[in-house]
Structures are given as structure tokens and as C-alpha cells.
**Student:** 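The following block contains the structure, expressed as C-alpha cells.
All residue numbers refer to positions in the sequence shown, counting from 1. Here the structure is a predicted model, which is why all the values come from computation and not from measurement.
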Amino acid sequence: MRIYYITSGYRRPIDILDNALIKALLGAGYHTDYFLLNRKPTAHLLPDIRRCSPDLVITICGPKSHLPVALVSQIKAMGIPTAAWFVDDPYTIDYALEVAAAYDYVFTIDSGCIPFYQARGCRHVHHLPLGTDTDIFRPYAVHPTYNTDVCFIGTGYDNRIAFMKELLQSVDRQVRVQLIGHFWDRADWSKGCAPIIRSKWINFTETPRYYNGAKIVLNIHRSESDTYLDKNHTGAPAHSINNRTFDIAACRAFQLIDFRSDLSHYYEPDVDVGCFESPREGAELIQRYLHDTEVRQIMAQRAYERTVHNCTFRHRIESMLSVIVPAGRC
């Protein structure tokens with residue numbers, strides 16, 4: 001099978017997914033050509049597709065699609081099936097619904113979004129969660145400067161800041177907590193355990209160092225109605241776990257994650273990962289697991305094995321193609 005991949009047109013962090021998918025396609029043995037949407041004029045796209053004559057065109061869409069719908073229609077007019085993977089659902093689904101029906105196959109990272117795509121006329125809609133790249137996210141020893149008791153990496157959206165402030169009021173003050181990402185420095189941390197703040201973006205090569213250096217890695221999802229981007233006026237619910245879940249597990253790091261209904265499809269709560277539904281419960285789990293190294297290691301190992309056997313981008317590509325190929329479109 002010959003596949004043509006069109007990148008998202010985004011730089012960080014979506015370009016990390018582009019790189020991982022191209023690598024997964026090539027690693028799986030598919031003849032893969034690709035077009036760098038943010039680096040080449042779109043006028044070159046159609047001629048290049050004609051030259052390559054692929055069996056399938058795949059792209060991913062971040063917060064907003066940079067591939068014009070008119071070009072998608074022209075690709076389909078060549079008799080080539082098209083597939084789009086929407087990787088920022090449900091947070092920016094308003095944008096996604098503007099373009100999704102142009103594609104033959106729609107894949108969404110959140111199962112709660114499927115009926116919303118179907119209501120817009122998308123005939124082939126499938127849930128496909130994100131995965132991890134085990135060349136990047138893997139266990140290894142790190143410099144002591146990356147060692148913490150508790151670590152969280154991600155943007156300080158309003159729901160995360162509110163959750164973390166309440167959680168840290170119930171955590172012992174001597175616990176070393178580090179928060180890494182934009183906006184955390186805007187909050188008042190004078191009550192309870194005071195975190196160390198690194199209020200900047202860190203790249204994908206440094207992220208696993210923090211995961212490998214932490215005794216506990218927190219994973220708190222964004223709110224489905226987050227006002228920062230404010231592009232879920234559709235009201236699509238958030239059921240699925242984020243890619244951070246897989247990245248943390250791939251580092252064989254112990255993880256505490258807030259509950260999402262799809263979590264048990266991939267990990268067994270309180271067996272592979274710790275799971276909480278409130279700030280107080282999260283704080284209690286931190287206090288429980290922080291001093292139980294053996295249990296943390298056993299759970300982290302279980303999550304690691306599930307991840308490398310089932311949750312890499314190679315697995316996701318195979319799942320996507322297993323949907324498309326039997327349909328006789330390739």
C-alpha cells in the first residue's frame with residue numbers, strides 16, 4: 001500500500017505527532033510520501049499527489065485545519081480516499097465540524113465526539129486515541145535536577161489551576177511538587193504546599209526527563225468547556241484520556257490521573273494507574289503512594305507493559321488502516 005501523508009501545518013506541539021506518525025508508517029513498512037504543509041506552498045500539493053499516485057491520503061488536524069476543503073475535494077476527485085484524524089477533540093470540535101464531512105474517513109481522539117460528527121453527515125467515523133512514541137518516551141536514568149516527589153507538565157488552564165490549588169492545600173508542605181507550563185505563575189500558591197513553578201514551554205526531549213525523575217506524575221485533563229480556546233460550543237463531552245497518559249506510562253513512571261470514562265479501555269484504575277475524581281482524593285493518593293516505592297514500581301511496570309504492547313503510534317496506524325482497507329477503498 002502506498003500512503004501519502006499531509007502534515008497538520010502546525011509547529012509544536014502538533015508537529016511532534018506528525019513526526020511520530022510518519023515514523024510509524026515507515027516503520028510498519030508502508031511506502032510513505034509526505035507533504036510538509038507549513039513549509040511548502042499548497043499549490044505544489046496536488047501535482048505531488050498525482051506524481052506519487054497513492055492508495056490513500058492521510059492527514060491530522062490540530063486545533064484548526066490548515067488544509068483547504070477545496071483541496072480535499074480535488075484529491076477525492078482523483079479517486080483517492082482521504083482520512084483525517086482530529087487530534088484536539090473535543091476542545092476545538094467547532095473547527096473540526098466545519099471540515100470533517102469533506103473526508104471519506106474521520107477519526108477522533110475522543111469517543112464522546114462520534115455522534116457530533118455523524119450528525120454533520122460524516123459516514124465513516126471512528127474513535128482512535130492518541131498513542132506514544134517509545135523512541136522518545138522510555139525509561140532511563142536522569143540527572144538529579146529532574147528529581148521531584150510530584151510533577152505535572154501541561155498548560156495551567158483554569159480548571160487545572162483550581163484543581164491543583166485545592167489539591168495542594170491537603171498535601172504536606174515538605175512534599176516537593178513541580179508544575180511546568182504556561183500560566184501556573186499567575187496563581188496564588190500561598191496556601192498549602194507551595195509548588196516549584198517552571199512557567200515555560202519545554203520540548204519533547206526534555207519532557208520524559210521530568211517523568212523519569214518524578215516519584216509521582218500527575219495527569220489532570222483539560223475541561224471540555226475550557227474558555228482558553230472556547231471552541232466547543234457544540235457541547236461535545238470528553239470521555240477519552242489524553243496522550244500524556246500513554247507518554248507517562250511509556251516512561252515506566254507512576255501516574256495519578258483524573259477519571260475519564262474511557263480510561264479502563266487501556267489501563268485498570270488503581271492497578272495500573274492511580275485514579276482520582278476530586279482534589280481531596282488526589283491529595284490522599286499522593287500521601288498514600290509517595291512513601292510506597294514498591295507499589296508504585298509494580299503499578300508503573302504494569303502500565304508500561306500495556307503501553308508498549310498496545311498503545312504506540314504504530315498500533316494506532318494499524319488500527320486506522322484496519323478500518324479503511326476492509327472497506328475496499330484502497
Side-chain angles (χ1 to χ4, degrees), residues 1-10 13-39 45 48-49 51-62 67 72 75-76 78-89 103-111 124-139 204-205 208 240-252 265-267 303-330:
M1 175 185 289
R2 188 161 188 161
I3 294 173
Y4 194 95
Y5 182 86
I6 304 173
T7 63
S8 64
Y10 278 88
I14 306 298
D15 61 346
I16 299 170
L17 304 182
D18 284 317
N19 294 337
L21 289 174
I22 292 170
K23 184 166 60 175
L25 285 164
L26 293 170
Y30 295 105
H31 185 117
T32 305
D33 300 289
Y34 54 89
F35 187 88
L36 302 176
L37 195 60
N38 59 342
R39 297 184 184 179
L45 177 60
D48 198 50
I49 291 176
R51 178 186 63 82
C52 295
S53 188
D55 301 300
L56 172 68
V57 170
I58 299 173
T59 190
I60 65 171
C61 298
L67 183 62
V72 179
I75 295 169
K76 291 168 65 176
M78 299 180 196
I80 304 169
T82 57
W85 191 8
F86 292 91
V87 298
D88 204 40
D89 285 342
Y103 294 90
D104 295 300
Y105 294 89
V106 169
F107 296 87
T108 170
I109 64 168
D110 201 292
S111 62
H124 302 287
V125 186
H126 304 273
H127 175 220
L128 186 67
L130 287 170
T132 190
D133 182 345
T134 52
D135 290 336
I136 297 171
F137 294 95
R138 55 187 174 82
F204 66 90
T205 60
S240 300
I241 54 179
N242 54 25
N243 60 308
R244 185 178 292 109
T245 314
F246 307 114
D247 294 342
I248 296 166
C251 291
R252 203 161 58 218
H265 296 172
Y266 309 97
Y267 303 100
Y304 170 78
E305 291 174 359
R306 284 182 180 265
T307 303
V308 297
H309 292 145
N310 300 296
C311 301
T312 68
F313 280 109
R314 175 82 167 266
H315 295 111
R316 301 304 185 232
I317 284 295
E318 297 292 2
S319 294
M320 175 187 286
L321 296 178
S322 72
V323 168
I324 296 172
V325 174
R329 302 299 298 272
C330 297

**Student:** Does the side-chain contact (heavy atoms from CB on, under 4.5 Å) test come out yes or no for Val57 and Val72, once each step is laid out?
**Tutor:** CA-CA 9 Å; Val57 170; Val72 179; over 6 Å; no
**Student:** CG of Leu128 to OG of Ser111: how many Å apart, nearest 0.5 Å?
**Tutor:**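 The distance works out to 12.0 Å.
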**Student:** Can you find a heavy atom in the side chain of His126 that is under 4.5 Å from one in the side chain of Val106?
**Tutor:**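 A side-chain contact under 4.5 Å is absent here.
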**Student:** Could Arg51 and Asp48 be called an ion pair, given the rule that one side-chain N must be under 4.0 Å from one carboxylate O?
**Tutor:** yes
**Student:** With side chains defined as the heavy atoms from C-beta onward, is the minimum distance between Phe35 and Leu45 less than 4.5 Å?
**Tutor:**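 They are in contact (side-chain heavy atoms under 4.5 Å apart), so the answer is yes.
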**Student:** Checking Arg316 against Phe246: charged group under 6.0 Å from the ring centre and within 45 degrees of the axis?
**Tutor:**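 The answer is yes; both the distance and angle limits are met.
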**Student:** Does Trp85 form a side-chain contact (heavy atoms from CB on, under 4.5 Å) with Met320? I'd like the steps, not just the answer.
**Tutor:** CA-CA 9 Å; Trp85 191 8; Met320 175 187 286; 4.1 Å; yes
**Student:** Any chance the side chains of Thr307 and Tyr267 put a donor and an acceptor closer than 3.5 Å?
**Tutor:**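 Note: Thr307 and Tyr267 side chains meet the donor-acceptor criterion.
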**Student:** Does any part of the side chain of Asp104, heavy atoms only, come nearer than 4.5 Å to the side chain of His124, both counted from C-beta?
**Tutor:**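 The answer is no; the side chains never approach within 4.5 Å.
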**Student:** Any heavy-atom pair between the side chains of Leu37 and Leu67 that's under 4.5 Å?
**Tutor:** yes
**Student:** Is there a side-chain contact between Leu56 and Ile80 in this structure, where contact means two heavy atoms from C-beta onward sitting under 4.5 Å apart?
**Tutor:** no
**Student:** What residue among Thr82, Asp33, Ile58, Ile75 forms side-chain contact (heavy atoms from CB on, under 4.5 Å) with Ile6?
**Tutor:** Ile75
**Student:** Kindly indicate, with the supporting measurements, whether the criterion side-chain contact (heavy atoms from CB on, under 4.5 Å) is fulfilled by Tyr103 and Thr59.
**Tutor:** CA-CA 10 Å; Tyr103 294 90; Thr59 190; 3.7 Å; yes
**Student:** Less than 4.5 Å apart, side chain to side chain, heavy atoms only: is that true for Leu17 and Leu130?
**Tutor:**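 SC-SC contact between Leu17 and Leu130 confirmed.
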**Student:** Compare all side-chain heavy atoms of Tyr304 with those of Val308 and state whether any distance is below 4.5 angstrom.
**Tutor:** yes
**Student:** Examine distances only and state if a side-chain atom of His315 and a backbone atom of Thr312 form a donor-acceptor pair shorter than 3.5 Å.
**Tutor:**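 Yes.
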**Student:** So does Tyr5 have more than 12 non-hydrogen atoms from other groups sitting under 6.0 Å from OH?
**Tutor:**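 Above 12, so yes.
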**Student:** Do you know which two heavy atoms are closest between Asn243 and Gly131, and how far apart they sit?
**Tutor:** CB-O, 4.0 Å
**Student:** Going by atom types only, do His127 and Ser240 share a side-chain donor-acceptor pair under 3.5 Å?
**Tutor:** yes
**Student:** Hey, does Thr134 have a side-chain heavy atom less than 4.5 Å from the side chain of Arg314?
**Tutor:** no
**Student:** What are the two closest non-hydrogen atoms of Arg2 and Ser53, and how far apart are they?
**Tutor:** CD-O, 4.2 Å
**Student:** Output, in order, the C-alpha distance, side-chain angles, deciding distance and verdict of side-chain contact (heavy atoms from CB on, under 4.5 Å) for Val87 and Phe107.
**Tutor:** CA-CA 9 Å; Val87 298; Phe107 296 87; over 6 Å; no
**Student:** Calculate, to the nearest 0.5 Å, the distance between atoms NE2 and OH belonging to His31 and Tyr4 respectively.
**Tutor:**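 His31 atom NE2 to Tyr4 atom OH measures 11.0 Å (nearest 0.5 Å).
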